[in-house]
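Just so we're clear, the structure is a prediction, and the values are computed from it rather than from any experiment. A, B, ... follow the sequence lines: proteins, then strands. Residue 1 opens every chain.
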Amino acid sequence: MMEKAYDPKKYEADIYRRWEASGFFAPEARPPWADNPGPDTREPYTIIMPPPNANAPSHVGHALGYTIQDILIRWQRMRGRRTLWLPGTDHAGFETQVVFEKKLEKEGLSRFKMTREEFYQACWDYVQTNKHISEEAIRRLGASCDWSRNIFTLDPEIIKVVYQTFKQMYDDGLIYRGNRISHWCPKHQTTLSDLETKYEERAEPFYYFKYGPFVIGTSRPETKFGDKYVVMHPDDPRYAKYHEGQQINLEWINGPITATIIKDQAVDREFGTGVMTITPAHDAVDFAIAERRGLDIEPVIDKRGKLLPIAGEFAGRKILEARSKIVEKLQAKGLVDHIDKKYQHNVQMCYKCSTLIEPQIVPQWYVAMTKPLPGGRPSLRDLALQALDKKEVEIVTERFAKIFRHWMENIRDWPISRQIWWGIPIPVKYCGDCGEIIIDVIGSVKKCPQCSREQLTPDPDTFDTWFSSGQWPYATLLANDAKQGTQTLAQYYPTQVMETAWDILFFWVARMIMFSYYRTGKPPFQKVFLHGLVRDKDRQKMSKSKGNVIDPLGVIDLYGADALRFALIFSTAAGNDIPLAEDKIKGMKHFANKVWNIARYITGIGDGHVIPAPVSFPRKRESTGVNSSGNPVPASDWIPAFGGDDKWTDADKLILSQLNQTITDVTDNLENFRLHEAAQTLYDFIWHEFADKYLEASKEQLKNEALKNSTLNNLYFVLATSLKLLHPFMPFVTEAIWGEMYGKERLLIVEKWSSSTDESEVV
RNA sequence: GGGUUCGUAGCUCAGUUGGUUAGAGCGCCACAGUGACAUUGUGGAGGUCAGAGGUUCAACUCCUCUCGGACCCACCA
């Protein structure tokens with residue numbers, strides 16, 4: 001006899017253990033109803049799990065992704081696909097280092113007081129702890145991933161793959177080391193990519209200074225010390241009397257200087273006075289002009305954001321405090337023309353700490369995005385664009401495909417080195433003698449191959465974390481093959497679906513596509529399915545500081561994993577952000593309980609004995625228990641527990657045709673990634689058609705001896721089929737009921753997905 | 001500056017290629033007292049589908065504009 005209410009806590013842990021022990025999470029295990037002997041002919045279905053960052057336990061946003069992936073995987077497993085869902089963890093270089101440094105700070109420590117080795121070890125330990133917490137949360141949610149293939153981005157086998165790619169790209173001329181201007185975070189002491197900065201609109205004074213015969217505009221007086229070029233548009237009639245290269249002596253901040261006139265099209269005649277001085281070492285546009293014209297490039301600001309000796313009396317001061325002092329001095333010298341106090345402009349900041357970005361010239365490693373591959377093949381960027389054109393990769397929801405294209409078309413070279421310690425070191429050594437650059441994939445090079453000297457200096461930088469995670473789809477498979485001596489890459493690549501949050505479309509998805517074509521010649525996945533961000537009930541982004549973070553484990557404790565899963569996908573279209581209110585989760589717990597009580601009612605009919613086998617709809621065909629090839633007959637094809645000559649009532653016919661429609665709709669919705677529709681269809685059918693209507697009708701029918709057998713048959717059949725359909729969405733409660741009905745030895749996880757029954761059979 | 005997207009019941013959202021009385025959850029109102037479930041059932045109130053115009057036999061759905069909101073990318077000294 002089933003208990004009066006479904007208590008997730010009593011079942012979930014045990015059920016997960018049974019699933020895991022059954023081996024069905026691994027693709028190799030075949031369902032009992034599949035043709036067992038002989039080679040495995042099942043078609044593979046692979047999802048590589050986006051590896052959660054190792055810097056924090058997972059939150060409810062991750063839960064959404066795992067739920068979607070688990071639904072797809074469970075569904076395909078029940079359909080007889082050879083499903084591989086490969087879990088892993090990302091060391092998340094910069095992100096993790098930032099989090100860990102904050103933690104150190106709280107403890108009164110700092111990485112600048114530690115050796116690199118000490119820091120790395122401490123961070124490693126910290127990450128291991130988080131990793132285990134995250135993995136536990138994934139289990140609690142019911143994710144049916146293959147833990148035997150679990151992998152970490154810092155596993156040696158992964159690093160090896162990453163290094164091989166680096167070397168190959170270097171040899172192909174796609175990776176180069178450049179002394180270029182880049183986004184520098186003075187707090188974190190590292191370069192950032194375009195994607196790792198953010199902008200904020202601010203109103204700041206805009207100063208107009210007298211610069212010899214000109215008036216120049218600037219928002220950054222503190223950079224003006226090195227300015228010895230004054231630039232204007234070649235066609236600007238206001239400055240026609242000046243010519244290129246003309247030298248002008250003028251009084252400036254720290255005394256007289258000589259300025260050289262440059263005429264360049266980069267100047268916007270409409271902006272300010274149409275004349276500017278340039279600071280090539282600290283401004284991207286200025287740098288571009290200087291590089292193009294071969295001008296001197298002189299640093300003014302150091303890496304910590306302080307002025308260099310070129311600033312004279314201001315040297316050593318922080319830029320912001322120096323700014324007002326410099327303006328004061330210029331004012332005293334009568335060099336301030338006027339000040340626009342309400343100038344609106346965007347300032348660029350570090351996306352992690354909001355420190356103002358200070359453009360700096362730092363040697364960095366770059367990946368060329370638009371340079372053709374050797375042999376006249378398309379560039380990395382074009383490979384990705386072609387993948388979309390040829391539909392080898394399909395981004396579900398056209399709007400994301402548009403955004404993707406737009407970004408790809410405007411992509412710039414990707415700086416992949418970071419001045420941080422946590423991550424994969426760049427496998428390069430420099431010869432102190434002859435300057436040779438040595439790519440050392442296995443760390444075995446001891447002397448310079450050029451001059452044979454042993455004065456080798458390792459590159460101090462680490463990779464941008466996306467350089468490794470961008471290779472994740474094939475790296476995980478290759479690394480597992482290296483570990484276990486298998487050949488999974490050949491079997492499971494390209495993968496079928498990449499399911500992830502839309503906010504890492506550029507960071508991650510774009511790079512995976514480029515890397516994959518480069519290294520394997522194949523797409524990494526056929527479909528990209530993007531989900532939205534989980535927000536709180538007021539649509540606010542969840543964050544620790546706002547205190548509105550929903551902890552998935554707390555929710556699971558209260559309402560059960562099924563309720564959380566269902567709430568996450570119910571009634572939210574793909575890609576849209578999801579407002580998650582506690583009421584919604586509670587409502588879904590009620591649904592799980594409803595399903596439980598439907599089963600409790602049906603199994604309790606009569607003398608309360610559970611009917612041992614699923615029943616069939618509506619064929620009453622005899623079965624010997626084995627099929628023509630001698631294998632056990634699938635349970636759903638077994639003969640009905642009740643035979644006889646009962647007639648179908650209108651209620652019988654209605655529920656069976658509705659069930660048929662539900663099977664069709666749910667399957668169709670899943671095929672097209674409309675998980676929310678599938679969930680809603682099931683909810684409506686099970687609760688409002690099956691429970692509210694048919695169950696009520698059945699109470700009368702069961703009193704009629706002539707209808708009793710067929711009614712029971714139908715109740716069992718509709719229930720069993722509903723459990724199968726609902727299982728991918730609510731795996732625990734359905735498995736729990738299945739166990740109550742048919743025994744724990746028979747797992748719902750590998751029951752056969754129902755296919756629609758021919759309508760003509762309903763008579 | 002370029003681009004994307006949204007505006008449907010009090011709230012949060014569905015509505016798949018245009019096709020009969022526009023749906024759900026929560027909330028609200030009335031009734032039902034427990035042999036599946038009160039984590040329930042039955043019934044009900046509540047929407048000019050932001051506004052205007054256009055295409056069409058037919059528009060929540062397609063096109064244009066207006067109003068209002070969200071977001072992404074780029075970034076000019």
> Does U48(B) have a Watson-Crick or wobble mate here (both distances under 3.5 Å), and if so which one?
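Pairing partner: none.
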> Which pair of heavy atoms, one from Ala679(A) and one from Ile569(A), lies closest together, and at what distance?
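Scanning both residues, the minimum pair turns out to be CB-CD1, 3.9 Å.
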> Rounded to the Å, how far apart are Phe591(A) CZ and U40(B) C1'?
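Computing the Phe591(A):CZ to U40(B):C1' distance gives 15 Å.
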> Using atom P of each nucleotide, how far apart are U48(B) and U39(B) to the nearest Å?
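Roughly 35 Å separates the two P atoms.
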> Please determine, for U16(B), whether a Watson-Crick or G-U wobble partner exists with both distances under 3.5 Å, and give it or none.
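With both distances under 3.5 Å required, U16(B) matches none.
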> Write down the distance separating the P atoms in C71(B) and U21(B), rounded off to the nearest Å.
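It works out to 39 Å between them.
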> Picking from C26(B), G15(B), U39(B), which would you name as closest to the side chain of Lys589(A)?
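Minimum distance to the Lys589(A) side chain belongs to U39(B).
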> Any donor-acceptor pair under 3.5 Å between the side chain of Arg399(A) and the base of U4(B)?
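There is none.
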> Do other residues, nucleotides or ligands put more than 12 heavy atoms under 6.0 Å from Glu201(A) CD?
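Yes.
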> Can you tell me if the side-chain N/O atoms of His676(A) get under 4.0 Å from OP1 or OP2 in G15(B)?
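Yes, because at least one side-chain N or O of His676(A) sits under 4.0 Å from OP1 or OP2 of G15(B).
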> Can you tell whether the side chains of Asp7(A) and Lys9(A) come within less than 4.0 Å, N to carboxylate O?
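Salt bridge flag = no for Lys9(A) with Asp7(A).
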> When the C1' atoms of C67(B) and C75(B) are compared, how many Å lie between them, rounded to an integer?
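That atom pair is separated by 28 Å.
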> Under 4.0 Å, counting only non-hydrogen atoms across every strand here, what does Asp503(A) touch: a base, just sugar-phosphate, or nothing?
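The residue Asp503(A) makes no contact with any strand.
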> Going by atom types alone, do Gln661(A) and Asp665(A) pair a side-chain donor with an acceptor below 3.5 Å?
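Yes, Asp665(A) and Gln661(A) have a side-chain donor paired with an acceptor closer than 3.5 Å.
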> If you measure from the C1' atom in A50(B) to the same atom in U61(B), how many Å do you get, rounded?
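Pairwise C1' distance, A50(B) against U61(B), rounds to 16 Å.
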> Along nucleotides 70-77 of chain B, 5' to 3', which nucleotides get a B, which get an S, and which get a -, given that the test is a protein heavy-atom distance under 4.0 Å?
--SSBBBB
> Give a yes or no on whether a salt bridge exists between Glu204(A) and Arg220(A), defined as a side-chain N under 4.0 angstrom from a carboxylate O.
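Looking at Arg220(A) together with Glu204(A), the answer is no, because their closest N to O distance does not fall below 4.0 Å.
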> Of Tyr559(A), Phe729(A), Phe566(A), Tyr6(A), which meets ring-ring contact (aromatic ring centres under 6.0 Å, His included) against Phe591(A)?
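Answer after filtering Tyr559(A), Phe729(A), Phe566(A), Tyr6(A): Phe566(A).
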> Find the partner of C62(B): check Watson-Crick (N1-N3 plus N6-O4 or O6-N4) and G-U wobble (N1-O2, O6-N3) distances, both under 3.5 Å, and reply none if neither fits.
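Check on C62(B): paired to G54(B), both distances under 3.5 Å.
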> Counting only heavy atoms from other residues, nucleotides and ligands, does the tally under 6.0 Å from NZ of Lys586(A) exceed 12?
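Open.
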> Measure the distance from OH on Tyr6(A) to P on U40(B) and round it to the nearest whole Å.
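Roughly 17 Å, once rounded to whole Å.
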> At under 4.0 Å between heavy atoms, what does Asn593(A) touch on the DNA or RNA strands: base, sugar-phosphate, or nothing?
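Touches a base.
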> Whole angstroms only, please: what is the CG-C1' distance between Asn597(A) and U34(B)?
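Taking CG of Asn597(A) and C1' of U34(B), I get 13 Å after rounding.
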> Tell me what Lys4(A) touches on the nucleic acid: a base, only sugar-phosphate, or nothing, going by heavy atoms under 4.0 Å.
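Sugar-phosphate, backbone atoms only, no base.
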> Using the C1' atoms only, state how far C29(B) lies from U34(B), rounded to an integer number of Å.
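Per the computed distance, 23 Å lies between those C1' atoms.
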> Specify the separation, in whole Å, of atom CG of Leu670(A) and atom P of U16(B).
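From Leu670(A) CG to U16(B) P: 17 Å.
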> Can you measure Met588(A) atom CE to A14(B) atom C1' for me and round it to whole angstrom units?
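To the nearest whole Å, that distance equals 12 Å.
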> Provide, to the nearest angstrom, the distance between the NZ atom belonging to Lys594(A) and the P atom belonging to U40(B).
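Taking atom P of U40(B) as the reference, NZ of Lys594(A) is at 7 Å.
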> Does A74(B) have a Watson-Crick or wobble partner in any strand here, with both distances under 3.5 angstrom, and which is it?
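Matched A74(B) with nothing under the 3.5 Å cut-off.
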> What's the gap between C6(B) and A38(B) when it is taken at their C1' atoms, as a whole Å value?
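Those two atoms are separated by 39 Å.
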> Find the partner of U34(B): check Watson-Crick (N1-N3 plus N6-O4 or O6-N4) and G-U wobble (N1-O2, O6-N3) distances, both under 3.5 Å, and reply none if neither fits.
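Result: none.
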> Classify the nucleic acid contact of Arg674(A) as base, sugar-phosphate or nothing, counting any heavy atom under 4.0 Å across all strands shown.
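Answer is base: heavy atoms of Arg674(A) come under 4.0 Å of a base.
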> Are a donor atom and an acceptor atom from the side chains of Asp382(A) and Ser379(A) found within less than 3.5 Å of each other?
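There is such a pair (donor and acceptor under 3.5 Å, judged by atom type) between the side chains of Asp382(A) and Ser379(A).
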> To the nearest angstrom, how far is Glu3(A) atom CD from A36(B) atom P?
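From Glu3(A) CD to A36(B) P: 17 Å.
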> Looking at Glu244(A) and Lys263(A), is any side-chain nitrogen of the basic one under 4.0 Å from a carboxylate oxygen of the acidic one?
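Glu244(A) and Lys263(A): not salt-bridged.
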> Does any nucleotide pair with C67(B) by Watson-Crick or G-U wobble geometry, both distances under 3.5 Å, and what is it?
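WC or wobble partner is G7(B).
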> Using atom CD of Glu677(A) as one end and atom P of A14(B) as the other, report the distance to the nearest whole Å.
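These atoms are roughly 10 Å apart.
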> Establish whether the base of A36(B) is bridged to the side chain of Lys699(A) by a donor-acceptor pair shorter than 3.5 Å.
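Counting by modelled atom types and ignoring angles, a donor-acceptor contact under 3.5 Å is found here.
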